[in-house]
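What you see is a predicted model; the values in this text were computed from it and never measured.
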Amino acid sequence: MKIYSEVLGNIRTSQEWKDRLAEAEIDEIYLDQWTAQKSRFLAKGLSGTEYPVALARHTHIADGDIIDYDPATGHAVVLRLELSPVLVVDLEGIADKDHDTIIRIALELGHAIGNQHWPAVVKGTKVYVPLTVDKKVMLSVLETHHIPGITFEFEKGMDVIPYLAPHETRRLFGGAGHESHSHEHDHGHIVHYHDHGDGHPHYHDHSHDHECHCHEESDSIH
């Protein structure tokens with residue numbers, strides 16, 4: 001069985017490869033955000049064909065990466081990423097405030113995010129928070145805290161990737177919680193609200209999901 005061990009190019013970022021594959025028969029492999037952080041896995045293309053992938057460790061997979069191309073047959077294999085949206089909180093509106101105000105607002109935001117146990121990545125004036133519960137719940141948490149001077153909205157995961165280093169990408173898309181499980185069980189999604197007496201309602205999620213990666217091989221491919 002052939003093992004696919006290198007990225008030949010990228011159909012999204014390389015005009016040369018776009019032209020080369022314009023008439024090719026392309027089999028696309030769609031990877032979820034957890035599998036995309038791995039360098040070794042067994043995936044299935046849209047054609048139903050299975051592909052054992054064993055890239056160099058710490059390889060950062062990008063949407064559109066080409067792992068196989070045969071000019072003789074005109075057949076190519078392309079990796080596609082399916083990334084969850086990211087909550088982007090922008091603090092640029094307080095950048096010109098006095099130090100005390102900046103510190104106070106930053107701490108308020110840290111409290112709001114930390115109280116929910118959400119991981120986050122800080123880049124400049126922006127804080128990137130991975131989707132961990134329902135979008136409406138995440139937005140409600142920030143809206144309820146009424147933190148002045150900040151803006152927040154969800155952005156597509158693929159639109160955020162260019163601004164992140166590989167380890168930050170893994171934190172947002174590989175650390176959201178379920179990459180180590182081998183079976184998928186969805187036991188529902190329960191979110192409850194209560195007040196700690198500080199005037200701010202709090203939302204807690206009690207999801208119990210397990211992501212299936214039955215075809216993954218973390219260290220070796222047979």
Side-chain angles (χ1 to χ4, degrees), residues 1-86 130-135 154-162 164 166 169-189 207-222:
M1 178 182 289
K2 179 178 180 179
I3 295 178
Y4 301 84
S5 59
E6 63 177 322
V7 174
L8 305 178
N10 188 286
I11 196 172
R12 294 182 68 248
T13 60
S14 170
Q15 187 60 49
E16 178 183 351
W17 275 106
K18 287 180 183 179
D19 296 339
R20 189 180 301 180
L21 301 185
E23 302 298 328
E25 178 187 351
I26 299 176
D27 194 7
E28 296 183 318
I29 299 173
Y30 281 82
L31 305 177
D32 62 33
Q33 62 189 44
W34 298 286
T35 305
Q37 310 311 312
K38 300 178 179 294
S39 58
R40 295 166 179 256
F41 51 87
L42 182 62
K44 183 178 292 186
L46 294 180
S47 68
T49 302
E50 289 190 331
Y51 298 94
V53 178
L55 304 173
R57 290 191 180 278
H58 308 301
T59 296
H60 178 50
I61 296 174
D63 183 58
D65 278 349
I66 304 159
I67 60 171
D68 188 47
Y69 175 57
D70 185 349
T73 62
H75 181 268
V77 180
V78 176
L79 302 179
R80 294 295 189 182
L81 305 189
E82 295 183 309
L83 301 179
S84 296
V86 175
L131 183 68
T132 55
V133 294
D134 188 88
K135 282 185 179 181
F154 278 96
E155 295 185 13
K156 294 180 179 179
M158 287 307 304
D159 292 342
V160 169
I161 287 288
L164 304 174
T169 300
R170 287 191 293 273
R171 181 166 179 77
L172 288 185
F173 301 110
H178 315 301
E179 65 271 26
S180 63
H181 297 291
S182 58
H183 301 283
E184 178 177 351
H185 305 288
D186 186 351
H187 296 286
H189 186 95
S207 305
H208 191 70
D209 302 322
H210 299 273
E211 186 74 19
C212 176
H213 296 302
C214 304
H215 295 298
E216 290 179 0
E217 300 289 344
S218 58
D219 295 314
S220 62
I221 293 178
H222 305 286

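The two atoms that bring Ser39 and Ala56 nearest to each other are CB-O, 3.6 Å, heavy atoms only. Closest approach of Tyr69 to Ala76, counting heavy atoms only: CD1-CB, 3.8 Å. Residues Ala36 and Leu81 share a closest heavy-atom pair of CB-CD2, 3.7 Å.
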Original post:
Under the side chain to side chain contact (heavy atoms under 4.5 Å, CB included) criterion, do Val86 and Leu131 qualify, and how do the steps go?
Top reply: CA-CA 6 Å; Val86 175; Leu131 183 68; over 6 Å; no

Subject >> side chain to side chain contact (heavy atoms under 4.5 Å, CB included) assessment of Val53 paired with Leu42 >> reply: CA-CA 6 Å; Val53 178; Leu42 182 62; over 6 Å; no

**OP:** Show the numbers, then the answer: is there a side chain to side chain contact (heavy atoms under 4.5 Å, CB included) between Val160 and Glu155?
**Re:** CA-CA 7 Å; Val160 169; Glu155 295 185 13; 4.0 Å; yes

Subject >> Chi angles and distances behind the side chain to side chain contact (heavy atoms under 4.5 Å, CB included) call for Arg57, Arg40 >> reply: CA-CA 8 Å; Arg57 290 191 180 278; Arg40 295 166 179 256; 4.0 Å; yes

Please tabulate, one pair per line, all N/O donor-acceptor pairs under 3.5 Å involving side-chain atoms of residues 18-26, not counting sequence neighbours.
unit_1 : atom_1 : unit_2 : atom_2 : d
Lys18  : NZ     : Arg12  : O      : 3.3
Asp19  : OD1    : Gln15  : NE2    : 2.9
Arg20  : NH2    : Glu16  : OE2    : 2.5

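In terms of the side-chain hydrogen bond (donor to acceptor under 3.5 Å, both in side chains) criterion, residue partners of Thr49 (sequence neighbours excluded) are, by chain and number, Ser47. Residues passing the side-chain hydrogen bond (donor to acceptor under 3.5 Å, both in side chains) test with Glu6: none are found, sequence neighbours excluded. Applying the side chain to side chain contact (heavy atoms under 4.5 Å, CB included) test to Asp159 and every residue at least two apart in sequence or in another chain returns Lys156. Listed by chain and residue number, Asn10 satisfy the side chain to side chain contact (heavy atoms under 4.5 Å, CB included) test with Thr13 (two or more places apart in sequence, or in another chain). Shown here are the side chain to side chain contact (heavy atoms under 4.5 Å, CB included) partners of Ser5, two or more places apart in sequence or in another chain: there are none.
A distance of 10.0 Å separates CZ of Arg80 from CG of Asp65, quoted to the nearest 0.5 Å. Within the model, atoms CG of Leu31 and CZ of Phe41 stand 4.5 Å from one another, a figure rounded to the nearest 0.5 Å. Rounding to the nearest 0.5 Å places CG of Asp63 at 7.5 Å from CG of Leu83. For the atom pair Ile29 CD1 and Leu79 CG, the distance stands at 5.5 Å (nearest 0.5 Å). Once rounded to the nearest 0.5 Å, the distance linking CG of Leu55 with CD1 of Ile61 reads 5.5 Å. Between the NZ atom in Lys135 and the CZ atom in Phe154 there is a gap of 6.0 Å [rounded to 0.5 Å].
A donor-acceptor contact shorter than 3.5 Å links the side chain of Asp27 to the backbone of Leu46. Checking side-chain atoms of Ser14 against main-chain N and O of Ile11 turns up no donor-acceptor pair under 3.5 Å.
Put simply, the side chain of Trp17 reaches to within 4.5 Å of the side chain of Leu8, judged on heavy atoms.
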